[in-house]
Structure formats: C-alpha cells, structure tokens
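To keep things clear, I will list the structure first and then write my remarks on it.
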Amino acid sequence: MKKNMIVVVILLGLVAWGINDTMKKNDEREASLAGSEQAIEGMDMSSLTIGINQGNIAPDFELNTLEGDSFKLSDFRGKKVIVNMWATWCPPCRAEMPDMQKFYDKHKDENITVIAINMTTSEKSVDSVPKFLNEFGITFPVLLDDTNKAGDIFQVYALPTSFIIDSKGIIQQKVTGPMNYEMMEKLVSQIR
C-alpha cells in the first residue's frame with residue numbers, strides 16, 4: 001500500500017513538472033513571436049502571420065556566436081537567408097557543410113547568406129563546435145542554440161533542418177535532411 005502511494009505521488013509530480021515545462025516553453029515562444037512582430041514593423045504584411053510554415057514570417061530569435069557576439073534573425077532582413085540547424089555528430093550535417101560553404105562563398109556579396117545554428121544542447125561538449133568549423137573551413141555565421149530556443153521555436157526534430165527565408169523574412173521552404181549545392185542554388189534562385 002505504501003509503495004502504491006509513493007508511485008502515485010511520483011507520477012503526479014512528473015505530470016505537474018511536464019505541465020509546468022510545457023507552459024514555460026509556450027511563454028518563451030510567445031515572447032519570441034512578439035519580438036518578431038516588432039522586427040517587421042513598418043512593412044505591409046498585414047495578411048501574413050508569424051509562424052514556421054511556408055508563407056509565414058519567420059519567428060525572430062537571438063543567439064550568440066562562439067565569440068559571444070549576439071545576432072537576431074531580423075538582423076539579416078533584406079537578405080535571402082538559409083537558416084541551417086545542425087550538430088557536429090550528425091553525418092548528413094557533415095556531408096552538407098562543404099556545399100554550404102561553397103554556396104556562401106559564391107553569394108556572400110549578393111545579399112544572400114547562410115546562418116548555421118548549432119543545436120548545442122545535443123553536443124557532448126561545446127568544444128566540438130570550433131573543431132568542426134576549423135575542419136570544414138566554415139566562415140559563415142554560426143550561432144549556438146545552447147538552450148534549444150531556436151530548435152523549440154522552429155520545432156526542429158531532425159537534423160539537419162533548413163529554412164529558406166526571403167529578403168522580407170518570409171519562409172519560402174523548409175528542408176528536412178541534407179542539401180547539396182545544386183539544391184541550395186535552385187531554392188534560393190526561386191525567391192526574391
């Protein structure tokens with residue numbers, strides 16, 4: 001009887017913890033969406049909504065680089081952007097990085113950029129990130145998602161996941177899985 005009571009108390013505690021955690025994540029997502037609304041102020045996008053689907057205005061977020069510099073997605077407004085979410089341990093992520101660097105090198109002076117968001121909470125150690133970047137010669141912006149903030153906002157469940165965002169901040173395409181150079185060229189050339 002005592003064991004049953006202990007199990008019931010533990011289960012109730014876990015349920016309460018799960019509810020609290022879910023509410024906290026929803027509050028963080030709503031705060032991020034509110035920040036996105038401020039970032040697009042002055043643009044005539046009254047028929048668009050902020051979200052993670054094709055045709056939505058991409059939610060804003062703020063993350064830091066390895067050097068501690070802070071960037072928001074809205075800082076890149078006016079450019080076509082590939083937002084790539086990845087990890088060092090992910091074989092498809094490793095496979096696509098040379099093509100991402102090649103794409104970035106070709107287009108960096110054309111109002112087109114690549115932003116790589118490392119899913120830092122999935123890494124064994126943050127020390128693996130600079131080693132990976134050096135190994136692949138990565139020079140485009142790399143941000144650390146050390147609290148899974150962007151991963152939660154964009155509901156990233158598989159790596160790599162990329163979002164193709166136009167110069168007005170509107171999501172044009174979501175790609176789950178690795179991209180090659182030709183695919184990047186095609187997807188980005190189709191947007192304004």
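Just so you know, these numbers use all the heavy atoms, side chains as well, and skip hydrogens, waters and symmetry mates.
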### Task
Find out whether L159 and P92 are in side-chain contact, i.e. whether some heavy atom of one side chain is under 4.5 Å from a heavy atom of the other.
no
### Task
Please answer: with hydrophobic residues joined when any side-chain heavy atoms are less than 4.5 Å apart, are F76 and V188 in the same cluster?
no
### Task
Determine whether V156 and I117 make a side-chain contact, defined as any pair of heavy atoms from C-beta on separated by less than 4.5 Å.
no
### Query
Are any non-hydrogen side-chain atoms of Q172 and K80 less than 4.5 angstrom apart?
no
### Spacing of NZ belonging to K186 relative to CD1 belonging to I164, to within rounding of 0.5 Å
12.5 Å
### Message
Heavy-atom count check: over 12 atoms from other residues, nucleotides or ligands less than 6.0 Å from K72 NZ?
### Response
no
### Task
Taking all non-hydrogen atoms of both residues into account, name the closest pair between L73 and P59 and its distance.
CD2-O, 3.5 Å
### Point-to-point distance, once rounded to the nearest 0.5 Å, from OG1 of T176 to CE of M85
11.0 Å
### Message
Testing the basics here: between N148 and T121, what is the closest heavy-atom pair and its distance to 0.1 Å?
### Response
N-CG2, 3.8 Å
## Note on the structure
d(I82 CD1, I115 CD1) to nearest 0.5 Å is 10.0 Å
### Interatomic distance, I170 atom CD1 to I191 atom CD1 [nearest 0.5 angstrom]
10.0 Å
### Message
Using a 3.5 Å distance criterion without hydrogens, assess whether the side chain of E123 forms a donor-acceptor pair with backbone atoms of A87.
### Response
no
### Task
Specify the closest pair of heavy atoms between S162 and N84, including all atoms of both residues, with the distance to one decimal.
OG-ND2, 2.8 Å
### Task
Determine the minimum heavy-atom distance between Q173 and Q54, stating which atoms define it.
OE1-NE2, 4.3 Å
### Query
Under the 3.5 angstrom rule, does the side chain of W89 hit a backbone N or O of S122 as a donor-acceptor pair?
yes
### Message
Are M97 and I138 packed together at the side-chain level, in the sense that at least one heavy-atom pair is separated by less than 4.5 angstrom?
### Response
yes
### Query
In terms of hydrophobic clusters joined by side-chain contacts under 4.5 Å, are M179 and F132 together?
yes
### Query
Is any side-chain heavy atom of N64 closer than 4.5 Å to a side-chain heavy atom of D146?
no
#### Entry: E185 side chain reached by K106 side chain, heavy atoms, under 4.5 Å
yes
#### Entry: Heavy-atom closest contact (D99 atom, Y181 atom, distance)
OD2-N, 3.1 Å
### Summary
Heavy atoms of G51 and I171 approach each other most closely as O-CD1, 3.4 Å
### side chain to side chain contact (heavy atoms under 4.5 Å, CB included) assessment of D152 paired with F61
CA-CA 11 Å; D152 283 345; F61 56 82; over 6 Å; no
### Gap between atom CD1 of I57 and atom CZ of R77 - 0.5 Å precision
7.0 Å
## Note on the structure
To the nearest 0.5 Å, atom SG of C93 lies from atom CG of N118 at 9.0 Å
### Query
Under a single-linkage definition using a 4.5 Å side-chain heavy-atom cutoff for Ile, Leu, Val, Met, Phe, Trp and Tyr, are M100 and L66 assigned to the same hydrophobic cluster?
yes
### Task
Check whether F163 and F103 end up in the same hydrophobic cluster, where Ile, Leu, Val, Met, Phe, Trp and Tyr are linked by side-chain heavy atoms less than 4.5 Å apart.
no
### Task
For residues F136 and T88, determine if any side-chain heavy atom of one lies less than 4.5 Å from a side-chain heavy atom of the other.
no
### Query
With E62, which residues qualify under salt bridge (charged side-chain N to carboxylate O under 4.0 Å, His left out), at least two apart?
none
### Heavy-atom check, side chain of L63 versus side chain of F71, under 4.5 Å
no
### Query
Side-chain heavy atoms under 4.5 angstrom apart, residues restricted to Ile, Leu, Val, Met, Phe, Trp, Tyr: same cluster for V114 and V129?
yes
